[in-house]
Amino acid sequence: MADQPHILVVDDDTRLRELLRRYLSENGFVVTAAKDAAEARQLLAGLQFDLIVLDVMMPGEDGFSLTESLRRTDTVPILLLTARGDVGDRIEGLEKGADDYLSKPFEPRELLLRISTILRRAGSGNSGRRALSFGACEFDPRSGELLRNDARVHLTEVETALLRSLAERAGAPVSREELIQEGGIDGNERTVDVQVTRLRRKIEPDPRAPRYLQTVRGAGYRLRLD
């Protein structure tokens with residue numbers, strides 16, 4: 001049990017909270033549930049969690065407010081759940097410090113996939129290196145910080161999300177569709193291509209002949225490490 005990630009589920013919907021608790025427990029997680037932000041704060045004061053699954057629309061303090069507050073002192077990954085799925089709400093959640101955003105209703109398997117991705121990104125249960133090196137660059141997927149020749153490179157929110165998605169599957173191709181979903185991109189595959197072009201300008205010695213952020217014909221893109 002000590003090896004199982006501990007998840008805090010916060011949702012005022014009793015039925016959904018219980019369904020999530022049971023489903024995640026059946027899939028290898030230790031789960032603690034809270035009915036609102038106040039109860040979640042009490043639990044966080046005494047327990048350590050690997051991830052929080054947090055509803056946005058709750059009476060009292062909502063999920064956005066709790067996320068923003070936690071980010072001042074805590075780095076625990078947060079996955080927001082909400083019935084409001086428009087782009088503006090998703091961007092607001094990410095700006096508050098959430099790691100991902102899932103709209104209701106959702107497929108349980110998608111929730112599992114997103115949780116696994118966040119935990120892998122956060123290094124849960126993994127004592128390996130944090131920063132990844134390619135050429136003159138070093139990228140830390142946990143902090144989203146990119147260094148080039150030891151100087152920090154500014155990345156937009158979308159560029160950070162794209163680089164994280166590629167870094168967590170370094171060496172393997174990642175489809176444009178996956179990059180759209182994981183990067184919260186409002187657009188189509190052409191939008192991904194534009195963002196990749198911009199990212200190449202920041203990491204490649206010669207963006208016209210990319211060595212590290214490579215195109216895989218018919219499959220998407222991959223990040224090649226040193």
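This chain uses plain numbering: 1 for the first residue, then up along the sequence.
- A salt bridge links Arg21 to Glu18: at least one charged side-chain nitrogen sits closer than 4.0 Å to a carboxylate oxygen.
- One finds a salt bridge joining Lys104 and Asp11 here, because a Lys/Arg side-chain nitrogen approaches an Asp/Glu carboxylate oxygen to under 4.0 Å.
- Between the side chains of Arg41 and Ser69, a donor-acceptor pair is found at a separation under 3.5 Å.
- Exactly one residue among Leu54, Leu43, Thr32 makes a side chain to side chain contact (heavy atoms under 4.5 Å, CB included) with Val10. That residue is Leu54.
- Side chains of Thr160 and Glu157: no donor on one and acceptor on the other come within 3.5 Å.
- Cluster membership for Leu80 and Met57, using ILVMFWY side-chain heavy atoms within less than 4.5 angstrom, is shared.
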| field | Verdict with supporting geometry, Cys137 and Leu147, side-chain contact (heavy atoms from CB on, under 4.5 Å) | value | CA-CA 5 Å; Cys137 295; Leu147 300 178; over 6 Å; no
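- Checked against salt bridge (Lys or Arg N to Asp or Glu O under 4.0 Å), Glu159 has the following partners two or more places apart in sequence or in another chain: Lys202.
- Of the possible donor and acceptor atoms, one in the side chain of Glu204 sits under 3.5 Å from a partner among the backbone N and O of Arg211.
- Arg164 and Thr117 share no side-chain donor-acceptor pair at under 3.5 Å.
- In the hydrophobic cluster analysis, where Ile, Leu, Val, Met, Phe, Trp and Tyr join through side-chain heavy atoms closer than 4.5 angstrom, Leu19 is grouped apart from Phe106.
- For the side chain to side chain contact (heavy atoms under 4.5 Å, CB included) criterion with Leu81, the lone passing option out of Leu20, Val56, Asp100 is Leu20.
- Neither Leu102 nor Leu94 shares a network with the other; the hydrophobic side chains, linked directly or stepwise wherever heavy atoms of I, L, V, M, F, W or Y lie under 4.5 Å apart, form separate groups for each.
- Among Val174, Leu162, Leu166, the single residue meeting the side chain to side chain contact (heavy atoms under 4.5 Å, CB included) criterion with Tyr221 is Leu166.
- Looking at Asp193 and Arg176, a side-chain N of the basic residue comes within less than 4.0 Å of a carboxylate O on the acidic one, giving a salt bridge.
- Between Asp13 and Lys35 no salt bridge is recorded (no basic side-chain N to carboxylate O distance below 4.0 Å).
- Under the rule for a salt bridge (Lys or Arg N to Asp or Glu O under 4.0 Å), Arg190 has no partner lying at least two apart in sequence or in another chain.
- Side-chain atoms of Ser65 never come within 3.5 Å of backbone atoms of Asp62 as a donor-acceptor pair (strictly under, hydrogens ignored).
- Checked by atom type and distance alone, the side chain of Arg222 never pairs as donor or acceptor with a backbone atom of Tyr212 at under 3.5 Å.
- The shortest distance between side-chain heavy atoms of Ile203 and Leu146 falls below 4.5 Å.
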